[in-house]
Amino acid sequence: MVVRTVRLTAAAVVAYLVAHALFPDTQPLTGPLTALLVVQATLFSTLRMGVLRVASVVSGVLVAVFLSDVVGLTWWSLGVVVAASLVIGQMLRLGEQLLEVPISAMLILGVPAASSAATARIAETLVGAGIGVLTNLVFPPAVRTHSAGQAVEEVAVHTAELLTRAAHELPHKPSEEQALGWLHDVRGLSRYIDAADRAVVDLRDSRRLNPRAIRGVDTEPILRSGLDALERSVVSVRALFRAIADGLHEEHEALEYSPELYGAIGVLLEDLARGIRAYGALVRADAGKGGAASDDALAEALDALHETRAVLTELLIVDAGKNQDHWMLSGTLLAAVSRILRDLDLEERARQRRHWESAAGARSGALRVSRLRDTARAAYQRPSRRRRQKA
């Protein structure tokens, strides 16, 4: 927050000083305003905002200058300016900068010397946009690996917390309302998934055209695959809670599970919580180049989960033998657990890690070859220049 405040303040002040030097008889506030709008969190979004801002101001100014030469400021000319500006802005696909077109047009239309005001406004906008882009080039923003990794791990943490709470409540024969409450809380996990998805997208954008990303490894695929696995696990957890809720439905009192089975399911949920939490930590560690230390925690959690699933399978078969209507609910429960185990598979994660490391090594090797080629070319051309100078 402090760094962002300093960058925005510095960009606005420098834009004002440059614009004031170009137009000493005015108070060029359009320049610093444009700089503030252009200096976004990432260099790619800064360039995009700069182009949109300049296009919107220039479009509005040209519309106002054209109409001011033909007619003055009247109620109908104002309406024509606004309508024409909005149509042009939509044709240019200016998005969030659409309203800047009629605003710039109205500001110019109400000035007596429209041509000189239009020139000043366009120049100030160009100065502000240039200063904003230059600020991010000279002081590039940080690559958002940390925040993206933290957001992905948050999905695992909140999912594990829900599973742990359900595991503690389940052995005490929960009510159908409690099971439906778990289902409601699972649906609420979507906001953490959406936040993590935005963070991963921001990470990708923060690397684009960013000098800080040249030497670093692209961790966006690592976090994206981990988030996809966690999202699928959340869907499986929802199916698991749905099966439990169906078993507790008032119309299915004869389908109630035995106390031993409730206890086994509770242990299973705890093991699932440990596995998902460990997987989230592993994904974040992979993105931070320290994933090997987290493999053991995930492997231990998955081994325990496999054992608990085997015990639960035996108990479900016994209960299903007593009541054939249990087969569908038991199958749903076991299928959900199997899907989660498949999504959290450690061997698959290790295979993906080797793929990322080899891809990163190939990119690094290509970069080194390119640098050697440039160095060799420069060394070859140096004597040629000397010979030409002597000649």
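In this structure, A287 and T219 approach most closely via the heavy-atom pair O-CG2, 3.3 Å. Considering all non-hydrogen atoms of both residues, A167 and G266 come closest at CB-O, 3.2 Å. Minimum interatomic distance between L98 and Q90 (heavy atoms only, all atoms of both residues): CD1-N, 3.5 Å. Nearest approach of V155 to A196, heavy atoms of both residues: CG2-CB, 3.9 Å. When all heavy atoms of D197 and R224 are compared, the pair lying nearest together is OD1-NH1, 2.6 Å. Contact detail for T164 and A273: the closest heavy-atom pair is OG1-CB, 3.4 Å.
Between atom CD1 of residue I265 and atom CG of residue L272 there is a gap of 11.0 Å, rounded to the nearest 0.5 Å. Atom CG of L94 is separated from atom CG of L99 by 10.5 Å, given to the nearest 0.5 angstrom. Here the CG-CG distance, from L230 to D343, works out to 9.0 Å after rounding to the nearest 0.5 Å. Note that CD of E153 is 10.0 Å distant from CG of L282, once rounded to the nearest 0.5 Å. In this structure, the separation between CG on L223 and CG on D286 is 9.0 Å, given to the nearest 0.5 Å. Here the straight-line distance linking atom CG of L344 with atom OG of S236 works out to 9.0 Å at 0.5 Å rounding.
Side chains of L240 and L269 form a contact here, defined as non-hydrogen atoms less than 4.5 Å apart. Residues R349 and V283 form a side-chain contact, since some pair of their non-hydrogen atoms from C-beta on lies under 4.5 Å apart. Within the 4.5 Å cutoff, no side-chain heavy atoms of Y279 are placed close to those of I276. Side-chain atoms of V152 and V200, non-hydrogen and from C-beta on, do get closer than 4.5 Å to each other. Inter-residue side-chain proximity for I244 and W182 is flagged as met; some heavy-atom pair is nearer than 4.5 Å. At a threshold of 4.5 Å between non-hydrogen side-chain atoms, the residues V13 and P32 do not count as touching. Contact annotation: the side chain of P102 never approaches that of V81 to less than 4.5 Å [non-hydrogen atoms, C-beta and beyond]. Using a 4.5 Å heavy-atom cutoff, the side chains of R342 and R232 are not in contact.
No hydrogens or angles considered: a donor-acceptor pair under 3.5 Å links the side chains of R309 and S338. Using a 3.5 Å distance cut-off with no hydrogens or angles, the side chains of R207 and T145 do not pair a donor with an acceptor.
Within a 6.0 Å radius of CD in E300, no more than 12 heavy atoms belonging to other residues, nucleotides or ligands are found.
V157 and Y192 are not part of a single hydrophobic cluster, where members link through side-chain heavy atoms under 4.5 Å apart. If you chain together hydrophobic residues whose side chains sit under 4.5 Å apart, V235 and L227 never meet in one group.
Listed for the S190 side chain is a donor-acceptor partner under 3.5 Å among the backbone atoms of R187.
Electrostatic pairing of R277 and E161 does not count as a salt bridge here, judged by no charged N lying under 4.0 Å from a carboxylate O.
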Test log, rule side-chain contact (heavy atoms from CB on, under 4.5 Å), inputs L341 and H306: CA-CA 8 Å; L341 282 169; H306 277 286; 3.8 Å; yes
